[in-house]
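First up is the structure itself, then whatever we jot down about it.
Predicted model, so just to flag it, every value in this text is computed and none were measured. Residue numbering restarts at 1 for every chain, and letters A, B, ... go by the order of the sequence lines.
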Number of protein chains: 2
Amino acid sequence: MNDSETTTRPAAHFSLALLHAAQNVGDRLEGALNELGLSMAKQSALTQLAEAGEPLTLSELASRLSCVRSNITQLVDRLEGDGLVRRVDDPQDRRSVRAELTQVGMEKQRAGARAMASVQDELSKLLSGTDMSALENALEAFG
Amino acid sequence: MNDSETTTRPAAHFSLALLHAAQNVGDRLEGALNELGLSMAKQSALTQLAEAGEPLTLSELASRLSCVRSNITQLVDRLEGDGLVRRVDDPQDRRSVRAELTQVGMEKQRAGARAMASVQDELSKLLSGTDMSALENALEAFG
DNA sequence: CCTGTATTATACATACATGAACGACTCGGA
DNA sequence: TCCGAGTCGTTCATGTATGTATAATACAGG
């Protein structure tokens, strides 16, 4: 008589709790980045380019960000519109287009990284040391 | 887009690990629901309606799903297109529109809940009992 | 040299999320 | 009774994500 079997599974779900926690954390990171005119998507792309140290093809960027190429086409459009990145032709393979950080892009990336680190510090205060290491261990199981 | 390493030296950051894990978990849930023609967004809405046991105004649904009203307008459009939900006028307040589950919608919701429970069982095998309880405890800190 | 196959970026349709603006409606006072 | 403030759902613009299709290019083998 009880549909709570199928509608609600109250206690068992670490997976929904995980999604919920991720949403809160994501919102806070997003909020901090928004003040810089950035988003998680933009910051992630800028960071990949900064870490690579050289222009990356859009396919390579898609691969590093674990998303489809058509997404990167649009994201780079927006980053280019913001003046943070520019498209450069690849002389080795004329099918390819590489995304290159501009000076402004490099500076934004660093500002974004600082903003994220600051949010992270703030969040870590919510956890005791033991909870934090338990969390890190448990999350490893999901690759 | 998801992703993993974002900042300059990310290795120790539980928040990015959490986002990454959440993405993996979300993808698996999404994948299971897709086979039923559902998505997380749709299933969440159906479940709120099922749990309520009566038609809800779109504002109430937005509140329960923690999202803005305009999002619900679109989501209910899609659910209505799928025949899972119908809009009914609220006689008490003519500004309001209520979303009501159809028979098919009720059945879909139950099928979706079963699919999600199955994924969850599968995921829980990746964690030891102690890791799982540690994870649940840690996640509580994020509300 | 051609030709088939793979890969590149892009365009397009779609799904899901936000926020701003808007018309319709409710309701507490003046 | 009217009026202003607030709430309702919708529309629109935009950002982020997917998948499909397509044109240009690369490249291996015949």
Side-chain angles (χ1 to χ4, degrees), chain A residues 19 22-24 26-31 33-34 36-46 55-63 65-82 84-100, chain B residues 1-3 6 19 22-24 26-31 33-46 55-82 84-100:
Chain A
L19 296 184
Q23 198 185 8
N24 288 340
D27 284 353
R28 294 182 78 150
L29 291 170
E30 202 80 51
L33 291 173
N34 283 348
L36 299 170
L38 290 171
S39 62
M40 286 280 282
K42 287 179 179 178
Q43 176 65 13
S44 300
L46 295 179
L56 296 176
T57 65
L58 303 198
S59 284
E60 179 60 24
L61 200 47
S63 167
L65 294 173
S66 305
C67 70
V68 298
R69 292 193 312 262
S70 57
N71 192 12
I72 297 299
T73 295
Q74 303 175 78
L75 182 54
V76 171
D77 285 348
R78 291 188 294 270
L79 289 168
E80 213 170 16
D82 293 342
L84 306 178
V85 144
R86 78 176 73 85
R87 280 177 165 87
V88 296
D89 288 342
D90 184 332
Q92 262 69 54
D93 186 339
R94 293 196 307 172
R95 292 170 303 181
S96 296
V97 176
R98 287 178 180 269
E100 180 178 41
Chain B
M1 173 163 21
N2 165 7
D3 213 45
T6 293
L19 296 184
Q23 195 187 7
N24 287 341
D27 284 353
R28 294 182 79 150
L29 290 170
E30 201 82 50
L33 290 172
N34 282 348
E35 292 171 14
L36 299 169
L38 290 171
S39 61
M40 287 278 283
K42 287 179 180 177
Q43 176 64 14
S44 301
L46 295 179
L56 296 176
T57 64
L58 302 199
S59 284
E60 179 59 25
L61 199 46
S63 167
R64 297 194 190 199
L65 294 174
S66 303
C67 69
V68 298
R69 292 194 314 267
S70 57
N71 193 13
I72 297 299
T73 294
Q74 303 174 75
L75 182 54
V76 171
D77 284 348
R78 292 188 293 272
L79 288 168
E80 213 170 17
D82 293 343
L84 304 179
V85 143
R86 77 176 74 86
R87 279 178 166 88
V88 296
D89 288 342
D90 183 334
Q92 262 68 53
D93 187 339
R94 293 198 304 170
R95 292 169 302 180
S96 297
V97 176
R98 288 179 180 270
E100 180 177 42

Problem - Pairwise side-chain contact, B/Ser39 with B/Leu33, heavy-atom cut-off 4.5 Å (strictly under) - result: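 When only atoms from C-beta onward are counted, B/Leu33 and B/Ser39 do not touch, as no gap falls below 4.5 Å.
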Problem - Side-chain touch A/Lys42/A/Asp82, heavy atoms, less than 4.5 angstrom - result: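 Yes, at least one pair of side-chain atoms sits under 4.5 Å.
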Exercise for the section: Taking only the side-chain nitrogens and oxygens of A/Arg78, find out if one of them lies under 4.0 Å from OP1 or OP2 of D/dT16. Expected result: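 Answer yes for this pair, as a side-chain N or O of A/Arg78 is under 4.0 Å from OP1 or OP2.
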Quickly work out the [X] [atom1] to [N] [atom2] distance and round it to whole Å.
X: B/Leu75; N: D/dT11; atom1: CG; atom2: C1'; result: 17 Å
X: A/Asn34; N: D/dT16; atom1: CG; atom2: C1'; result: 13 Å
X: B/Gln74; N: D/dC12; atom1: CD; atom2: C1'; result: 10 Å
X: B/Glu60; N: D/dC8; atom1: CD; atom2: P; result: 10 Å
X: B/Glu30; N: D/dG19; atom1: CD; atom2: P; result: 11 Å
X: A/Asn71; N: D/dG15; atom1: CG; atom2: C1'; result: 10 Å
X: B/Leu61; N: D/dT10; atom1: CG; atom2: P; result: 11 Å

Problem - Start and end of chain B contact along DNA chain C [non-hydrogen atoms, under 4.0 Å] - result: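 The contacted stretch runs from C/dA15 to C/dT26.
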Looking across every strand, which nucleic acid part, if any, lies under 4.0 Å from [X] by heavy atom: base, sugar-phosphate, or nothing?
X: A/Arg87; answer: sugar-phosphate
X: A/Ser70; answer: base
X: B/Thr73; answer: base
X: A/Val68; answer: base

Practice task
Please name all residues satisfying side-chain hydrogen bond (donor to acceptor under 3.5 Å, both in side chains) with A/Asn24, sequence neighbours left out, ordered by chain then number.
Solution key: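 Here no residue qualifies.
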Charged N-O contact under 4.0 Å between [X] and [Y]:
X: A/Glu80; Y: A/Arg86; value: no
X: B/Arg95; Y: B/Asp89; value: no
X: B/Arg98; Y: B/Asp93; value: no

Quick check for you: to the nearest 0.5 Å, what is the distance between [X] atom [atom1] and [Y] atom [atom2]?
X: B/Leu58; Y: B/Asp90; atom1: CG; atom2: CG; value: 10.5 Å
X: A/Arg69; Y: A/Glu60; atom1: CZ; atom2: CD; value: 12.5 Å
X: A/Leu84; Y: A/Glu100; atom1: CG; atom2: CD; value: 13.0 Å

Exercise for the section: For DNA chain C, find the residues of residues 89-96 of chain A with a heavy-atom distance under 4.0 Å and give them by number; none if there aren't any. Expected result: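 Residues of residues 89-96 of chain A that come under 4.0 Å of DNA chain C are, in numerical order, A/Arg95, A/Ser96.
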Problem - Of A/Leu38 and B/Leu56, the one whose closest DNA chain D nucleotide lies more 5' - result: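 Its nearest nucleotide lies further toward 5', so the answer is B/Leu56.
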